[in-house]
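So that the names make sense, note that chain A is the first sequence line, chain B the second, and so on, each numbered from 1.
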Amino acid sequence: MPMRASRFHLATLKETPVDAEIVSHQLMLRAGMIRRHAAGIYSWLPLGLRILRKVEQIVRQEMDRAGALELLMPSFQPAELWQESGRWDQFGPELLRLKDRHERDACIGPTHEEIVTDIFRREVNSYRQLPVNFYQIQTKFRDEIRPRFGVMRSREFIMKDAYSFDLDRDAMQRSYDIMDQAYINIFDRFGLDYRAVSADSGAIGGSTSQEFHVLADSGEDAIAFSDQSDFAANIETVEALTPTGERAAPSAAMETVDTPGMHTIADLAAGLGVKAQQCLKTLIAEAEDGALVALVLRGDHELNVLKAERLEGVASPLRLAQREQIIKLLGVDIGSIGPIGLEIPTFVDHGAAQLSDFVCGANQDDKHLINANWGRDCAEPATADMRNVVAGDPSPDGKGQLRILRGIEVGHIFQLGQKYSESMQATVLDEQGKTTHPFMGCYGIGVTRVVAAAIEQNHDEHGIIWPSTLAPFQLAICPINYHKSELVKQAADEFYQKCQARGLDVFLDDRALRPGVMFSDMELIGVPHRVVFSERGLSAQQFEYKGRRDASAQELPLDDLAGFLERLFPG
RNA sequence: CGGGGUGUAGCGCAGCCUGGUAGCGCAACUGCUUUGGGAGCAGUGGGUCGGGAGUUCGAAUCUCUCCACCCCGACCA
C-alpha cells in the first residue's frame, strides 16, 4: 500500500526511552512501531504492523506452497483437552489458567497441540486423508517469568505454528523434510543471515529437531559450527570430545597457599600469576536426594546445564546450592572449594581431569592448593562431559574445529511422534483397516520475534535497515519545499503515481518539514531507498537517490527516472 | 520467585539529602520568519509528583504500606 505522510501516523521519537535495553527494542519504540501497555504486552502501531504483515505474508505463501493448510484455532482453550494430554499438570505457571463464569477451567493457549489434535481426531478418519499439515498464524500467550527485550520475549506474541499428521514414522520424516525446506525458503526470503542448527544431541537416526537462528551478536543462544563440515548445533547440545593425549606427569609437590579475597577464577589467576585453564572451578549443585554434589571444570570452561542434569544423582532441573547450605554442609565458603578432600559425590569434566599441577580450592576459607594432581593427591576422579564447547574445540563429527556464533532463535521444527495422538486418542484406519495413532510433527516460527531479530541484525547509528522484503515501505520520496514549490510538488506527485502504478509500497513525505527531519525519519524507520526532489535539482534536470546503506547520495538525470525505477524494482 | 534499581507533563531529566505547594530540554498547539541533515523568535496548553496511610501548621521531599516498571539469574518462538 502506498502512503502519504500526511495521512499516516508516523510517531518517531528523538530520544531513546530508558527502559529499552536492546537495540531492536529501542528502535522499535523510536520508530513508532510498537507501544507498551504492561510488562511484555505491546500494541503494534500502523508502521510496525506493516512489517509484521510482510513477515506473515512470506510465511503464509511458503507454507501454502509446501502444501500446508491454514486454519485458525482459538486462544481460549478448555482445560479438558489439556487434562487429556496430561499437560494441564505438567505445564508450569507459564500456562495462563483462568475460569469462566461457570467456574470451568480454561487457559490462554501458549501452543496448540491439544486443539489441533482435537480437530484432527474429529475430522480425519482414514489414511487416505494423510498426510495433512494444518497451520495458523495466531496470537499466543505465555506468562513468562520475566518478559524482556520488547517483543523479543513478550508474553503475548504472534506465532506461526504448524502440525503435520502422518501414518507412520517414515511419512512423518517426509513431512518434516518438507517443512525443513519450507523454512529454508522462508528465511531466505526474509533476507536475513541465519543458520539452521541441530537442537538434538546424539539422537540415533539423524536430526529430529532443528532450530533456526538469526545471527546477531546480541543473540541469547550460542551456536557451534564446524569450519570444515556442515555440522551446526545449539551449543547446549554439542558434545565436547574427550581429550586423547596422555595427562602430563606431576612435576612438583602439592602446597597450600594463602589466597585472601580471591574468590573467582579471575582473582585467582591474577593473584597467583597462573592461567585460568590451569585452575579448577568447583561448582556445588543439589543432588536428587537433597544432598550436594560437586561439579568440577577447568577454570576457563563453562558448565553445560543440560549435560550436568544428565549426570547420575544430580537434580534435574539443575539447581546450584545456596551459599548458606554449602557453608553449613562443607564448612567452607564459595571460592575456596576444591575436589581434594571433598566428601561429597564429585564429577570432573574431561578437560579438568586432563590437568596436572593444577590450582584448586583447599576447602579452607581463603586457601588454595597449587601443584595438585589427580591420582597422587586424591583418587582418580569420575569423569564426564559437562562443559560447553568453546571455539577451537574439535567438531564432534571429527571434521574440523568449532566456531561459535550468537543467534536469536526464531524457528523450531521437531518430530512429536505419537505423544499427542496416543494421549488424546487420535486415530485413523490404515490400509488394512486397522486403527493406528498418527505420527505428528510440529513447526513454529516466532513471527513477532522475527521482526525484532531482523532489526537486531540490521541497524546502524541512524536507525533500522530493513531487508527489502520486510521493509514497511520500499521507497521514500522526500520532496524539499513540497508546499512551496509547484515544480517540486508536481515532480513528487507524478513519481508517486508512477510508483503506485508499479504496485510499490511507496511513501511520499508530504509534510511541510525541513529536509533534515524527513531524512532522519526515513533512516530511523529503515526505508531501503530514498528519492529527493528539489528546486535546485529539478532545474538542473536531476533528482537525488540514496540507498539506506549508501555512504552518500547521488545525483541522477531526471529523464532517466523511469529507467531508474525499472532497474531498482525490476518486473 | 530470589537479588539490585527506578517511579515527577507524551519522551529524557532536575528538584528530595536540609519540608514552604513544581521546573528544564525535546515533543504538542498558535503566529511570524525559515526550508538540503532533527531551524529561529514570540506565545499557549498539559502534571492527583505511582496509589494509600501516617508525621507536620504545611509533604514531590520524612515514615510505613501497597502497586507498577526496569535490570541480573532458572523458561522459550
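- The distance from atom CG of A/Asn481 to atom P of B/U34 is 11 Å, rounded to the nearest whole Å.
- Here A/Arg511 does not reach the OP1 or OP2 of B/G38: none of its side-chain N or O atoms lies under 4.0 Å away.
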Tell me, with the steps shown, if A/Tyr163 and A/Phe120 meet ring pair (Phe, Tyr, Trp, His ring centres under 6.0 Å). CA-CA 10 Å; A/Tyr163 306 88; A/Phe120 179 89; over 10 Å; no
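- The pair A/Lys307-A/Asp349 fails the salt-bridge criterion, with no side-chain N (NZ, NE, NH1 or NH2) lying under 4.0 Å from an Asp/Glu carboxylate O.
- Listed candidates were B/A77, B/G38, B/C75. Nearest to the side chain of A/Arg153 is B/C75.
- Salt bridge status for A/Glu62 with A/Arg65: present, with a side-chain N to carboxylate O gap under 4.0 Å.
- Using a 4.0 Å heavy-atom cutoff across all strands shown, A/Arg36 reaches sugar-phosphate atoms only and no base atom.
- With salt bridges taken as basic N to acidic carboxylate O contacts below 4.0 Å, one links A/Glu70 and A/Arg60.
- Counting non-hydrogen atoms under 4.0 angstrom, A/Val517 reaches a base of the nucleic acid.
- Remark: P of B/C76 and CZ of A/Phe149 are 17 Å apart, rounded to the nearest angstrom.
- Using a 4.0 Å heavy-atom cutoff across all strands shown, A/Arg530 reaches at least one base atom of the nucleic acid.
- The nearest heavy atom of RNA chain B to A/Glu94 and to A/Pro515 marks one nucleotide each, and the one closer to the 5' end goes with A/Pro515.
- Between A/Asp143 and A/Arg97, none of the side-chain N atoms (NZ, or NE/NH1/NH2) sits under 4.0 Å from a carboxylate O, so this pair counts as no salt bridge.
- Among the atoms of the strands shown, base atoms are found under 4.0 Å from some heavy atom of A/Glu15.
- Evaluation of atom-type donor-acceptor distances gives no pair under 3.5 Å for the side chain of A/Arg148 against the base of B/C70.
- Residues A/Asp550 and A/Lys546 are not paired through a salt bridge, judged by the lack of any N-O separation under 4.0 Å between the basic side chain and the carboxylate.
- Using a cutoff of 4.0 Å between basic side-chain nitrogens and carboxylate oxygens, A/Arg153 and A/Glu220 are scored as salt-bridged.
- Here A/Ser154 lies in heavy-atom contact (under 4.0 Å) with a base.
- For the pair A/Arg87 CZ and B/C76 P, the computed distance is 11 Å after rounding to whole Å.
- Using a 4.0 Å heavy-atom distance criterion, A/Glu211 is classed as making no nucleic acid contact.
- Ring geometry for A/Phe507 versus A/Phe473: interplanar angle of 30 to 60°, hence tilted.
- Among the protein residues, A/Glu523 comes within range of the nucleic acid bases, having at least one heavy atom under 4.0 Å from a base atom.
- Residue A/Arg514 places at least one side-chain N or O closer than 4.0 Å to OP1 or OP2 of B/A39.
- Here A/Leu513 lies in heavy-atom contact (under 4.0 Å) with a base.
- The side chain of A/Phe519 lies closest to B/G37 when the candidates are B/G37, B/C1, B/A77.
- Across every strand in view, B/A39 sits in a pair with B/U33 that passes the Watson-Crick or G-U test at under 3.5 angstrom.
- Nucleotide B/A74 forms no Watson-Crick or G-U wobble pair with any nucleotide shown, as no partner meets the under 3.5 Å limit on both distances.
- In the region residues 177-197 of chain A, proximity to RNA chain B at under 4.0 angstrom, judged on heavy atoms, holds for none of the residues.
- Note on A/Glu535 versus A/Lys484: no salt bridge recorded, every NZ/NE/NH1/NH2 to OD/OE distance being 4.0 Å or above.
- At whole-Å resolution of the value, CE in A/Met522 and P in B/G38 are 16 Å apart.
- Of the nucleotides present, none pairs with B/C17 by Watson-Crick or G-U wobble criteria with both distances under 3.5 Å.
- For the pair A/Leu303 CG and B/A74 P, the interatomic distance rounds to 11 Å; values are reported in whole Å.
- At a cut-off of 3.5 angstrom, counting only N and O atoms as typed in the model, there is a donor on one side and an acceptor on the other between the side-chain of A/Arg449 and the base of B/C76.
- The pairing partner recorded for B/A22 is none, the criterion being a Watson-Crick or G-U wobble arrangement whose two distances lie under 3.5 angstrom.
- Residue A/Ile480 is classed as a base contact, given a heavy-atom separation below 4.0 Å to a base.
- Counting non-hydrogen atoms under 4.0 angstrom, A/Lys140 reaches nothing in the nucleic acid.
- You won't find any donor-acceptor pair under 3.5 Å spanning the side chain of A/Arg142 and the base of B/C76, going by distance alone.
- With both pairing distances under 3.5 Å, B/A28 is matched to B/U44 as a Watson-Crick or G-U wobble pair.
- Pairing of B/C69, defined by two Watson-Crick or G-U wobble distances under 3.5 Å, is identified with B/G5.
- Taking only side-chain atoms of A/Ile145, from C-beta outward, the nucleotide of B/A77, B/G38, B/C1 with the closest atom is B/C1.
- Across all strands shown, nothing is found opposite B/A59 as a Watson-Crick or G-U wobble partner with both distances under 3.5 Å.
- Comment: A/Arg548 engages A/Asp460 in a salt bridge, judged by a side-chain N to carboxylate O separation of less than 4.0 angstrom.
- Map A/Pro147 and A/Leu13 each onto its nearest nucleotide of RNA chain B; the residue landing nearer the 5' end is A/Leu13.
- Candidate nucleotides B/G38, B/C75, B/C71 were compared by shortest atom distance to the side chain of A/Arg146, and B/C71 ranks first.
- Heavy atoms of A/Val18 sit under 4.0 angstrom from primed sugar atoms or phosphate atoms, though from no base atom.
- A/Thr111 comes within 4.0 angstrom of nothing in the nucleic acid, heavy atoms only.
- Atom CZ of A/Phe533 and atom P of B/U35 are 21 Å apart (whole Å).
- Here B/G38 is the nucleotide among B/G38, B/G37, B/C76 with the atom lying nearest to any side-chain atom of A/Asp521.
- Taking atom CD of residue A/Glu156 and atom C1' of nucleotide B/C76, one finds them 16 Å apart after rounding to whole Å.
- Checking B/A77, B/C69, B/A27 against every side-chain atom of A/Glu144, the shortest atom distance belongs to B/A77.
- Counting any heavy atom pair closer than 4.0 Å across all strands shown, A/Phe157 reaches a base atom.
- Atom CD of A/Gln26 and atom P of B/G12 are 11 Å apart (whole Å).
- Atom P of B/C17 sits at a distance of 5 Å from the matching atom of B/C62, rounded to the whole Å.
- Applying ring pair (Phe, Tyr, Trp, His ring centres under 6.0 Å) to A/Phe212 and the options A/Phe187, A/Phe414, A/Phe190, A/Tyr443 leaves one that passes, A/Phe187.
- Rounded to whole Å, the P atom of B/U34 lies 16 Å from the corresponding atom of B/C41.
- B/C64 and B/G52 make up a base pair, with Watson-Crick or G-U wobble contacts both under 3.5 Å.
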